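In each ligand, atom 1 is the first atom listed, and ligand 1 is the first ligand listed. Computed from a prediction, not measured in an experiment: that's the story for all the values here. For reference, positions follow the sequence shown, starting with 1. Just so it is clear, the values below take in all heavy atoms, side chains as well, and ignore hydrogens, waters and symmetry mates.
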Amino acid sequence: MSANVSEKLTVIALAAGKGTRMKSPLPKVLHPVAGRPMIEKVIQASKQAGAAEVRVIVGHGQQLVRQVVEPMGVACYVQEEQLGTAHAVRCAKPETIEGTVVIMNGDHPLIEASDIKDFVRIFRDEKCDLAVVTATLKNPAEFGRIVRHKGDLAAIVEAKDASAETLKIREINTGIYVVKASILSEYLPKIQNNNSKKEFYITDLISLCIQDKCRVQAIQSTPKVAVGVNNQVELAKATRLLFKRKALRLMEEGVLMIDPRTVYVEDSVEIGAGTVLYPNVFIRGRSRIGSFTVVESNAFISDSEIGDSVQVRGGSYLENSRLHNKVSVGPYARLRPETEIFEEAHVGNFVEMKKVKFGKKSKAGHLTYLGDAEIGEEVNVGCGTITCNYAADKKKYKTKIGNRVFVGSDTQFVAPIEVGDDAIIGSGSTITKNVPANALAVARGKQFVKENYTAKAPVAEEKE
Ligand code: UD1
Ligand code: MG
């Protein structure tokens, strides 16, 4: 192996452009692709590919872009005026870089670490000074065209500056380059802006280096790495491709899908083998799902941890919640942040929970609101139970219910309140005082019965 292999790798990501065609107030590179800002994808791929340093060129909306990229440990370099891609690279101060540089557009979110690694490996194996990554497209549209002489790379010509003949070329510039840092320092200052846009084009580096007999090569890649985002239609297309990629990976790892085209799982999510995803599920963020779990249609799961053999039934909405093994929730359950459901518990339809610990084998089958509550094990929470956790003083109070408590239907717990183990709450009660263990508590209007009440009425009429 040559010393080159361990040479330092730096990525320069161009992200200063306005993204006019997005027609959106958000800087282009912050638009989310499958849940994450597209620049984040580019930075992640760079780091995973072994980049020791990532320099992001910012300009338009730089305050916002910095908020997203700086916490990822990358350095921002400002390009005040967008004078072209070569000018943008100069703003990264290449004279302060050593080793190999990969230049990429910040709006190519489908790029993966393995792609970058491949390009760098080829560049080093072929002992190149400069390499440009190309792809052959059915419709090369606005991409720069790769012009070859007798098969050898000669130049890149921008679509706007190309003749009708050149526009017929289907091999295009993906906008990804691998280059020695020393070449950038030497040749960037030589690039001129005599073209239709009066911009300094990084693409001119190719012809300049070829003229000087540097070793310049085209690395032929796939159309995937050419997928850039310039408008909302392309953004949606990139998002669909990323969801598809994730679904394929999950299936390779043994996740079952009835229709992978309608499964939307973000890249950060982990799912165990044997789990089944029904059509139209959306799983986001830091969610983790175990094995042999079933997620039915229209479930929305965000930042939640779900164990093995769990049933998440149709239409359920889960945020920042934790479901232990063998739990079942829904259909139509809403679990709000900080809810934890322990083993074998059941949460049924139209049940909402927030900041709740719901014990092992407990059940809340129907139409219930539990908030700021701790429910023990094997508790039965009857239909229509409500924890009245929010008081007139605008503060939240806790409800604590022991193990094996039976809560009759239509009960209200006026918090703060505690119910001891094995207590029974009579149906229709409004519980305002603590209930000790083993007690029966009933708090409702007494029923009175007036016999023959309706039979009397006709008699009264007869008198008139
Ligand atoms: C560029 C290439 C083209 C290639 C295409 C691939 C040039 C001249 N052309 O064209 O050959 O086929 O990418 O997508 O390089 N940017 C800055 N500062 C600037 C100008 C641009 O940071 O002054 C950034 C943009 O934010 C964007 C990237 O550079 O992320 C590419 O710029 P863009 O104007 O989209 O170039 P293309 O016309 O797509
Ligand atoms: Mg572009």
Which pairs pass side-chain hydrogen bond (donor to acceptor under 3.5 Å, both in side chains) with one or both residues in residues 273-291, sequence neighbours excluded? E266-R284, N280-N298
From the candidates A88, G17, G84, the one that places a heavy atom nearest atom 20 (C) of ligand 1: G84
Please report whether ligand 1 has a polar contact with T85, defined as an N or O pair separated by less than 3.5 Å (distance criterion only). yes
Quick one: look at E142 and ligand 1, take heavy-atom pairs under 4.0 Å, and tell me if it's side chain, backbone, both or neither. neither
Can you give the donor-acceptor pairs under 3.5 Å from side chains of residues 198-211 to other protein atoms, not counting sequence neighbours?
| from | atom 1 | to | atom 2 | distance (Å) |
| --- | --- | --- | --- | --- |
| K198 | NZ | N195 | O | 3.2 |
| S207 | OG | D204 | O | 3.3 |

Q79 N/O under 3.5 Å from ligand 1 N/O: yes
Mind checking the NE2-CD spacing from H87 to Q79? Nearest 0.5 Å is all I need. 5.5 Å
Counting only heavy atoms closer than 4.0 Å, does ligand 1 sit against the backbone of H108, its side chain, both, or neither? side chain
Any N or O on G175 sitting closer than 3.5 Å to an N or O of ligand 1? no
Interatomic spacing from CZ in R55 to CD1 in I103 - rounded to 0.5 Å: 12.0 Å
Is the shortest N/O to N/O distance between G144 and ligand 1 below 3.5 Å? yes
Any N or O of E81 that comes nearer than 3.5 Å to an N or O of ligand 1? no
Side chain or backbone of E158 under 4.0 Å from ligand 1, or both, or neither, by non-hydrogen atoms? side chain
If you take the nearest heavy atom of each of V133, N105, V42, which one is closest to atom 31 (C) of ligand 1? N105
Ligand 1 contact on V29 by region, counting heavy-atom pairs under 4.0 Å: neither
Is there a polar contact, in the sense of an N or O pair closer than 3.5 Å, between N173 and ligand 1? yes
So is K246 actually on top of F243's ring, under 6.0 Å and inside 45° of the axis? no
With a 3.5 Å cut-off and no angle check, do the side chains of H108 and T174 form a donor-acceptor pair? no
The answer for which part of I172 has a heavy atom under 4.0 Å from ligand 1 is neither
K180 vs D129, salt bridge (charged side-chain N to carboxylate O under 4.0 Å, His left out): CA-CA, chis, key distance, verdict: CA-CA 6 Å; K180 285 182 178 163; D129 294 311; 2.9 Å; yes
